[in-house]
Amino acid sequence: MTEPDPALERWRLVLGEPAQECTPDGLGAEARARDAALDWLYGRDAELGKRGVRAGGSGASDLTTLDWLDDIHRLFPRETIERLERDAVERYEIDDIVTDPEVLARVEPNPALLRAVLRTKHLMNPQVLALARRIVEQVVRELMAKLRTEVRISFSGTRVRKPSNTRLARNFDFRGTIKANLMHYRPDERRVAIERPRFHSRSRRHVEQWQLVLLVDQSGSMVDSVIHSAVTAACLWGLPGLRTHLVAFDTSVVDLTADVTDPVELLMKVQLGGGTDIAKAVRYGAGLITAPRRSIVVLISDFYEGGDESALVRQVRELCQQGTEVLGLAALDADATPNYDRATAQRLADVGAHVGAMTPGQLAEFVAERLGR
């Protein structure tokens with residue numbers, strides 16, 4: 001019997017039943033199992049069915065979510081598994097992935113599942129919530145490990161031209177070293193012998209006490225920014241010269257500063273969804289400021305104002321006029337992909353706010369630069 005062509009099998013798995021004629025020799029046993037797992041998930045997509053892609057229902061309709069999870073962990077590489085789990089939760093809203101204790105015990109924690117937990121934790125009983133917390137803890141721990149390094153670099157001081165006798169890899173002066181050792185060039189080996197390595201010195205910024213007020217929109221569309229705001233606030237907490245506040249808002253305002261040192265507990269308290277009153281949040285944030293010219297207000301929102309937009313613009317103008325740095329972020333996550341009301345954002349920029357999108361590391365750099373002035 002002729003073995004199926006692996007390349008044709010891959011196309012058949014992508015396109016589903018309508019591409020059956022591409023594999024005249026049929027699918028191998030493992031490919032058939034993969035096809036059933038893919039069809040269990042993507043076969044429910046009505047739009048794909050209309051276009052004749054992955055329609056036909058070759059998958060086993062009696063598969064449970066737990067069976068499906070077992071299958072995909074056995075059949076696919078890790079990056080594919082994460083994509084399938086993300087689509088199951090976010091695209092097809094298969095909530096038992098994060099509400100069924102047996103299923104929760106099997107899934108691999110990742111950012112997509114963390115987002116799903118935050119959206120569905122109000123549906124969970126105490127037993128399920130305890131399992132869900134495992135996902136929150138692991139993903140937050142990984143995010144904090146990455147961001148702490150970025151924050152440490154941002155706040156460790158800037159390199160200057162003055163040479164240093166302290167030999168640290170991060171202060172290595174590549175250009176200066178090449179220039180100082182050109183006399184030792186070996187033509188036969190086509191390389192420079194480094195006899196006198198050069199290093200920069202690093203000056204530590206002297207900072208006065210500053211305030212950083214993070215105002216985070218907790219509407220459903222801002223879930224990534226909520227997660228990264230909690231992690232960012234925890235990493236910035238306790239830095240010399242910086243006092244950090246974290247405030248979440250929808251139509252009400254909740255000061256979460258007391259929980260900043262425990263981002264897991266903080267995220268478990270966040271209530272996603274509801275309306276948005278940005279002006280009220282900015283007014284609350286303004287009330288926290290004690291030294292306007294040594295304060296940074298970071299408004300993390302999609303800028304779709306459900307309250308009084310004129311009041312929002314007026315509040316931001318007053319903050320800028322008193323010397324406070326106002327930064328409006330349409331996204332604060334690993335990708336910094338903005339999705340926001342551009343008209344409102346432009347109005348805030350017109351009265352003095354900086355408006356854009358940043359990763360948490362870029363926000364740390366922004367704060368460090370302001371503190372070092």
Side-chain angles (χ1 to χ4, degrees), residues 143 147 150-151 154-155 207 209-219 222-237 239 241-250 253-257 259-260 263 266 270 276-305 312-313 315-320 322-334 336-341 344-345 347-349 351-373:
L143 290 173
L147 183 57
E150 297 179 33
V151 169
S154 297
F155 282 82
V207 296
Q209 185 70 36
W210 277 66
Q211 277 182 279
L212 173 65
V213 181
L214 298 173
L215 304 173
V216 187
D217 185 341
Q218 61 177 353
S219 59
M222 297 296 294
V223 61
D224 277 312
S225 291
V226 170
I227 293 167
H228 284 86
S229 297
V231 172
T232 302
C235 291
L236 294 174
W237 183 264
L239 285 173
L242 184 64
R243 183 153 52 101
T244 305
H245 307 263
L246 181 62
V247 177
F249 68 90
D250 40 39
V253 176
V254 182
D255 195 324
L256 298 170
T257 304
D259 294 309
V260 162
L266 189 154
V270 166
T276 310
D277 192 335
I278 308 174
K280 182 189 289 187
V282 174
R283 185 163 58 251
Y284 180 87
L288 296 173
I289 293 172
T290 56
R293 294 186 178 277
R294 294 199 305 276
S295 298
I296 304 170
V297 173
V298 181
L299 173 61
I300 303 164
S301 175
D302 55 15
F303 305 119
Y304 288 99
E305 175 62 295
L312 168 61
V313 175
Q315 289 279 350
V316 170
R317 180 192 292 113
E318 290 174 0
L319 283 169
C320 294
Q322 71 183 15
T324 298
E325 294 267 7
V326 179
L327 176 60
L329 294 184
L332 180 69
D333 58 34
T337 303
N339 178 21
Y340 62 105
D341 186 325
T344 300
R347 292 187 68 186
L348 299 184
V351 297
H354 308 277
V355 177
M358 290 185 177
T359 66
Q362 289 167 337
L363 175 59
E365 289 178 12
F366 179 91
V367 173
E369 287 172 7
R370 268 55 189 175
L371 268 64
R373 286 180 174 180

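The model shown is predicted, which means the values in this text are computed figures rather than measured ones. Index from 1, following the sequence.
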Report yes if the side chains of [X] and [Y] come closer than 4.5 Å at any heavy-atom pair, otherwise no.
X: Val313; Y: Leu348; value: yes
X: Leu214; Y: Val247; value: no
X: Leu266; Y: Leu246; value: yes
X: Leu312; Y: Thr344; value: yes
X: Val297; Y: Leu212; value: no
X: Thr276; Y: Gln218; value: no
X: Phe249; Y: Ile278; value: yes
X: Asp302; Y: Asp341; value: no

Starting from the C-alpha separation in whole Å, work towards a yes-or-no answer on side chain to side chain contact (heavy atoms under 4.5 Å, CB included) for Phe303 and Arg347.
CA-CA 10 Å; Phe303 305 119; Arg347 292 187 68 186; over 6 Å; no
Heavy-atom pair with the smallest gap, counting every atom of [X] and [Y]:
X: Val282; Y: Gln315; result: CG1-CB, 3.7 Å
X: Gly285; Y: Val213; result: CA-CG1, 4.1 Å
X: Leu332; Y: Ser225; result: N-OG, 3.0 Å
X: Met358; Y: Leu329; result: CG-CD2, 3.9 Å
X: Ala334; Y: Thr359; result: O-CG2, 3.6 Å
X: Ala357; Y: Pro338; result: CB-CB, 4.1 Å

Indicate yes or no for a side-chain donor-acceptor contact from Arg294 to the backbone of Gln209 under 3.5 Å, with no hydrogens or angles considered.
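Checking the backbone N and O of Gln209 against the side chain of Arg294, a donor-acceptor pair under 3.5 Å is found.
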Evaluate side chain to side chain donor-acceptor pair (under 3.5 Å) for Tyr284 paired with Asp255, printing each intermediate quantity in order.
CA-CA 9 Å; Tyr284 180 87; Asp255 195 324; 2.8 Å; yes
Report the distance from atom [atom1] of [X] to atom [atom2] of [Y], rounding to the nearest 0.5 Å.
X: Leu239; Y: Thr244; atom1: CG; atom2: OG1; result: 7.0 Å
X: Leu299; Y: Asp217; atom1: CG; atom2: CG; result: 8.0 Å
X: Leu363; Y: His228; atom1: CG; atom2: NE2; result: 11.5 Å
X: Ile227; Y: Met222; atom1: CD1; atom2: CE; result: 11.5 Å
X: Glu150; Y: Cys235; atom1: CD; atom2: SG; result: 9.0 Å
X: Leu327; Y: Arg370; atom1: CG; atom2: CZ; result: 8.0 Å

Of the options Thr324, Ile296, Thr290, which is the one that meets Gln211 in a side chain to side chain contact (heavy atoms under 4.5 Å, CB included)?
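Among the candidates, only Thr290 passes.
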Give the intermediate values and the outcome of side chain to side chain contact (heavy atoms under 4.5 Å, CB included) for residues Val298 and Val326.
CA-CA 6 Å; Val298 181; Val326 179; over 6 Å; no
